[in-house]
Engineer: 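I am attaching a structure below and will ask some questions about it afterwards.
By convention in this document, chain letters (A, B, ...) are assigned in the order of the sequence lines, proteins followed by strands, and residues within each chain are numbered from 1.
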Number of protein chains: 2
Amino acid sequence: MGRTYSIRQLTKEMGVTSRTLRHYEDEGLLTPERQGLARIYSQRDRARLQLILRGRRVGFSLAEIREILDLYNSEDHGVAQFQHSRKKFAERIVALEAQRKDIDESIAELKLALARADNFLAEHHAEQNPPRVKMTGYSVMPAAE
Amino acid sequence: MGRTYSIRQLTKEMGVTSRTLRHYEDEGLLTPERQGLARIYSQRDRARLQLILRGRRVGFSLAEIREILDLYNSEDHGVAQFQHSRKKFAERIVALEAQRKDIDESIAELKLALARADNFLAEHHAEQNPPRVKMTGYSVMPAAE
DNA sequence: GCCTCCGTTTACGCGAACGTCAAGAAGAGT
DNA sequence: ACTCTTCTTGACGTTCGCGTAAACGGAGGC
């Protein structure tokens, strides 16, 4: 339960540098305890770090991530605060769903490009790759609009 | 068919500044023709720009986008080139699918947070928002692991 | 002729997210 | 006591993706 982590342990586990963790601390995203000078990271710090890193992977800025984290464990749990949080969460969800659409479209396009490459290779290397439907005259650029 | 666009038209249509278009040109992502000094963008330029902007939205760097665009309309259409392209496309697809997973998880978490906010608001404002299942003691931070 | 757009190039600036020294503290092992 | 290793705090450097002047070039309208 009360498991703690040194900075080195956390960097190895999460695949980031210690500089990154200190930077997140400077930015107010993490607030590990201290034992003398050394930082002691709690489970909670670890969980927050996971959220931070995933946020980063989906394109959030550190400022945006901090805002979300602040909403999560705000001290003020009044009605106004929850209304504000609700709105912010809803906005983020909408943005993420739009981004998901972009990703799906990108994947679809790349799969098309991959299929074209496979087809070319099947035609020019017929006994190695299983041959597929013959395609000719496909455009190099995806169609506009 | 042979429709062309001025820089201003394109910026308005795509919601970017002219500086951005010139920057993309500096980076080799766009190569509009010239009429004297003025840039003349073709349909193909427009299509490429759409790809660039979508790539940006999903988090690609301009260098990565350039690489993909280069794969799309490489002049060398030999077997080796197609094999290389195929591999690159496959890598991108894998990365995008991982990113999609991150996004789905983020959405799920935000929806949970939103539901908690709704619940709180329902409890403390019972006649305005339709009441929901009573929840108590929910944690402020999502579970670790 | 002059104004007003729309366009151009050159080039310095900037915020974000760290990287990369430099210099030292603090404990663990021999 | 000495060396390792891991940690610390500055603080300057770097890359990316443009923003932001500054200074100038045509083309069209009055």
Engineer: Can you confirm whether A:Glu27 is buried at CD, in the sense that more than 12 heavy atoms of other residues, nucleotides or ligands lie under 6.0 Å from that atom?
Structural biologist: yes
Engineer: Could you check which of C:dC18, D:dT8, D:dC18 has an atom nearest any side-chain atom of A:Ile7?
Structural biologist: D:dT8
Engineer: Taking atom C1' of C:dA25 as reference, at what distance in whole Å does atom CD of A:Gln35 sit?
Structural biologist: 15 Å
Engineer: Between C:dA17, D:dT6, C:dT9, spot the one nearest the side chain of A:Arg8, thanks.
Structural biologist: D:dT6
Engineer: So how far is it from A:Leu21 CG to A:Leu29 CG, rounded to the nearest 0.5 Å?
Structural biologist: 11.0 Å
Engineer: Among C:dC18, D:dC18, D:dT8, find the nucleotide with the atom closest to the side chain of B:Arg19.
Structural biologist: D:dC18
Engineer: Please say which of A:Arg56, A:Arg66, A:Arg48, A:Arg19 ends up in a side chain to side chain donor-acceptor pair (under 3.5 Å) with A:Tyr24.
Structural biologist: A:Arg56
Engineer: Rounded to whole Å, how long is the line connecting atom CD1 of B:Ile40 with atom C1' of C:dC6?
Structural biologist: 12 Å
Engineer: Roughly, in whole Å, what's the span from CD in B:Glu25 to C1' in C:dT10?
Structural biologist: 15 Å
Engineer: Of all the choices, D:dG19, D:dG17, C:dC18, which nucleotide is nearest to the side chain of B:Ser61 once you look at every atom?
Structural biologist: D:dG17
Engineer: Using a cut-off of strictly less than 4.0 Å, decide whether A:Arg39 has a side-chain nitrogen or oxygen near OP1 or OP2 of D:dT8.
Structural biologist: yes
Engineer: About how many Å separate CZ of B:Phe60 and CD of B:Gln99, when rounded to the nearest 0.5 Å?
Structural biologist: 7.0 Å
Engineer: Whole angstrom is fine here: how far is it from CG in B:Leu29 over to P in D:dC16?
Structural biologist: 13 Å
Engineer: Would you kindly give the CG-to-P distance between B:Asp26 and D:dC18, to the nearest whole Å?
Structural biologist: 12 Å
Engineer: Whole angstroms only, please: what is the NZ-C1' distance between B:Lys12 and C:dC5?
Structural biologist: 11 Å
Engineer: Of the nucleotides C:dG19, D:dT9, C:dG7, which has the atom closest to the A:Arg22 side chain?
Structural biologist: D:dT9
Engineer: Please confirm whether the shortest side-chain N or O distance from A:Arg56 to OP1 or OP2 of C:dA17 is below 4.0 Å.
Structural biologist: no
Engineer: When you measure from the side chain of B:Thr20, which nucleotide among C:dG7, D:dC18, C:dG19 comes out closest?
Structural biologist: D:dC18
Engineer: Just to confirm, is there a sub-4.0 Å distance from OP1 or OP2 of C:dA17 to any side-chain nitrogen or oxygen of A:Tyr24?
Structural biologist: no
Engineer: Choose from D:dC18, D:dC7, D:dG19 the nucleotide whose nearest atom is closest to any side-chain atom of A:Ala38.
Structural biologist: D:dC7
Engineer: Nearest whole Å is fine: how far is C:dA16 C1' from A:Glu64 CD?
Structural biologist: 12 Å
Engineer: Verify the contact: side-chain N or O of A:Arg34 to OP1 or OP2 of D:dT9, cut-off strictly under 4.0 Å; return yes or no.
Structural biologist: yes
Engineer: Report the distance from atom CG of B:Leu21 to atom C1' of C:dT9, rounded to the nearest whole Å.
Structural biologist: 16 Å
Engineer: Would you give the length of the straight line joining atom OG of B:Ser106 to atom CG of A:Leu51, rounded to the nearest 0.5 angstrom?
Structural biologist: 8.0 Å
Engineer: What is the nucleic acid contact for A:Ser6, judged by heavy atoms within less than 4.0 Å: base, sugar-phosphate only, or nothing?
Structural biologist: sugar-phosphate
Engineer: Rounded to the nearest 0.5 Å, how far does NZ of A:Lys101 lie from CD of A:Glu105?
Structural biologist: 5.5 Å
Engineer: Can a side chain N or O of B:Thr17 be found less than 4.0 Å away from OP1 or OP2 on D:dC18?
Structural biologist: no
